[in-house]
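Structure, as structure tokens:
Here the structure is a predicted model, which means the values were calculated and not measured. Only this structure's heavy atoms are used, side chains among them; waters, hydrogens and symmetry mates stay out.
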Amino acid sequence: ATFHFARIVEIYTGNDAQPGAQYIIIMPHDDFQDLFQSVVVEVYDSAGNPLPDFAVFASNLPSFSTNQKSILVATADAQTIFGVTPDQLASGSLPASGVVCFSKFPLIPDCVSYGNYTGPSNAGGSPTGTPAPSIPSGAALRRDLGADGTLQPLDDTDDSAADFDLAGPIPENFAGVRLSDLTVAGNVTLDWLSTGANNSIYKTDDPATVRDSAAVATTTATTWNDPNPNQFPGLTCYVVKPQ
């Protein structure tokens with residue numbers, strides 16, 4: 001049992017309203033990868049200089065059945081915003097551009113670079129290649145797991161730009177609790193300042209591209225209660241357009 005058959009599969013650096021709501025997800029691609037005690041999540045700035053650690057694992061994972069399990073490392077703000085309990089609470093922060101790694105000497109299984117990173121490709125000790133894209137407010141970087149949707153060793157090519165795409169954040173912990181499985185108690189109320197002739201209300205699950213669904217409602221009022229807030233799994237945004 002160890003931890004080296006695991007990779008970073010998602011990075012979320014927060015949004016403009018909650019910049020401290022940050023997390024990463026680590027996922028093993030085999031069982032018996034449970035010895036995470038003292039594993040360090042390291043971060044580097046846009047030039048490759050080390051920053052304070054994002055987190056240090058206080059204990060091992062609760063089970064050696066680890067294959068395809070999400071290991072959520074998140075700040076307290078992210079836990080509050082998303083309502084998913086992390087497997088390890090993070091005390092540090094992720095850079096807007098830089099490198100994220102996890103390691104326990106002498107093993108460094110994975111590093112990922114992103115954004116306007118200009119430092120060396122091996123700053124964290126594991127090659128990252130070309131940086132993945134900058135992460136817009138409210139979006140996440142997610143590893144491309146291919147057609148089968150499962151993490152395999154070949155899904156890590158040591159090139160961050162090739163391995164990661166922008167997506168909506170879906171934090172998930174080791175117990176399998178994830179954002180899209182949570183139930184919102186009651187309606188979500190939207191408020192805006194002025195009325196319009198038929199304000200059209202849209203839902204989007206992809207803030208990186210603001211991909212609109214069909215309008216779910218129209219109203220001339222300045223408030224609207226969503227009667228079905230769980231309509232789209234992973235929903236992160238509403239859009240109100242005056243017509």
So, do Leu151 and Gln68 sit near enough that their side-chain heavy atoms are less than 4.5 Å apart? yes

Please assess Ile25 against Arg143 for the test side chain to side chain contact (heavy atoms under 4.5 Å, CB included), listing each intermediate value before the final yes or no. CA-CA 10 Å; Ile25 296 175; Arg143 187 179 290 275; over 6 Å; no

Would Asp163 and Arg7 count as a salt bridge (charged side-chain N to carboxylate O under 4.0 Å, His left out) here? Give the steps. CA-CA 11 Å; Asp163 292 346; Arg7 295 295 182 267; over 6 Å; no

Could you tell me whether the side chains of Thr157 and Asp159 share a donor-acceptor contact shorter than 3.5 Å? no

Are Thr128 and Ser113 close enough that a side-chain donor and a side-chain acceptor fall under 3.5 Å? yes

Can a donor-acceptor pair be found, under 3.5 Å and without considering hydrogens, that links the side chain of Ser63 to the backbone of Ser65? yes

Using atom types as modelled and distance alone, determine if a side-chain donor or acceptor of Asn60 lies under 3.5 Å from a backbone N or O of Gln37. yes

Keeping Ser38 on the side-chain end and Ala58 on the backbone end, is there a donor-acceptor pair under 3.5 Å? no

Minimum heavy-atom distance between Pro169 and Ala140, given as atom pair plus value: CA-CB, 4.0 Å

When every non-hydrogen atom of Ser134 is compared with those of Pro136, the smallest separation belongs to O-CD, 3.3 Å

Pairing donors with acceptors under 3.5 angstrom, does anything connect the side chains of Asp155 and Gln152? no

Answer with yes or no whether the hydrophobic clustering places Tyr114 together with Ile24; edges join I, L, V, M, F, W, Y residues whose side-chain heavy atoms lie under 4.5 Å apart. yes

Just so I know, are the side chains of Pro153 and His29 near enough to count as touching, which here means a heavy-atom distance under 4.5 Å? yes

Heavy-atom check, side chain of Leu94 versus side chain of Val100, under 4.5 Å: yes

Is the closest basic N to carboxylate O distance between Lys69 and Asp34 below 4.0 Å? no

Is there a side-chain contact between Val112 and Ile11 (heavy atoms, below 4.5 Å)? yes

To the nearest 0.5 Å, tell me how far Phe3 CZ sits from Thr66 OG1. 12.5 Å

When every non-hydrogen atom of Ala55 is compared with those of Leu89, the smallest separation belongs to CB-O, 4.1 Å

Side-chain heavy atoms nearer than 4.5 Å, only ILVMFWY residues, links allowed to pass through others: does that put Ile26 and Leu141 together? yes

Joint cluster assignment, Val99 & Phe54, ILVMFWY side-chain distance < 4.5 Å: no

Between the main-chain N or O of Ala221 and the side-chain N or O of Thr219, is there a donor-acceptor pair closer than 3.5 Å? yes

Same apolar cluster: Ile135 and Val41, side chain cutoff 4.5 Å: yes

Please find the pair of heavy atoms, one from Pro171 and one from Glu10, that lie closest to each other, and give the distance. N-OE2, 4.2 Å

N/O donor-acceptor pair under 3.5 Å between Thr75 side chain and Gln22 backbone: yes

Quick one: does Lys104's side chain have a donor or acceptor within less than 3.5 Å of a partner on Leu35's backbone? yes

Asn15 side chain to Gly138 main-chain N or O, any donor-acceptor pair under 3.5 Å? no

Nearest-0.5 Å distance, CG of residue Leu72 to CG of residue Asp87: 6.0 Å

Shortest non-hydrogen contact from Phe36 toward Ala6: CZ-CB, 4.4 Å

Any donor-acceptor N/O pair, Ser46 side chain to Ser97 backbone, under 3.5 Å: no

Take Cys101 and Tyr44, measure what side chain to side chain contact (heavy atoms under 4.5 Å, CB included) needs, and give me the verdict at the end. CA-CA 9 Å; Cys101 308; Tyr44 300 82; 4.0 Å; yes

Side chains of Asn122 and Pro120, heavy atoms from C-beta outward: is any pair under 4.5 Å? yes

With a 6.0 Å cut-off (strictly less than), is the heavy-atom count around CG of Asn116, excluding the residue itself, greater than 12? no

To the nearest 0.5 Å, tell me how far Trp224 CH2 sits from Thr218 OG1. 10.5 Å

Test side chain to side chain contact (heavy atoms under 4.5 Å, CB included) on Thr2 and Leu107 and set out the steps. CA-CA 10 Å; Thr2 181; Leu107 296 176; 4.2 Å; yes

Pair Thr85, Gln79 - check side chain to side chain contact (heavy atoms under 4.5 Å, CB included), show working. CA-CA 6 Å; Thr85 301; Gln79 181 177 355; 3.8 Å; yes

Quick one: sort the Tyr12 and Tyr23 rings into parallel, tilted or perpendicular, breaks at 30° and 60°. parallel

Distance-only, no hydrogens or angles: does the Asp110 side chain make a donor-acceptor pair with backbone N or O of Ile8 under 3.5 Å? yes

Do Tyr117 and Phe102 share a hydrophobic cluster, counting only Ile, Leu, Val, Met, Phe, Trp and Tyr and linking them when any side-chain heavy atoms are less than 4.5 Å apart? no

Please name the pair of heavy atoms, one in Gln88 and one in Phe57, separated by the smallest distance, quoted to 0.1 Å. OE1-CA, 3.4 Å

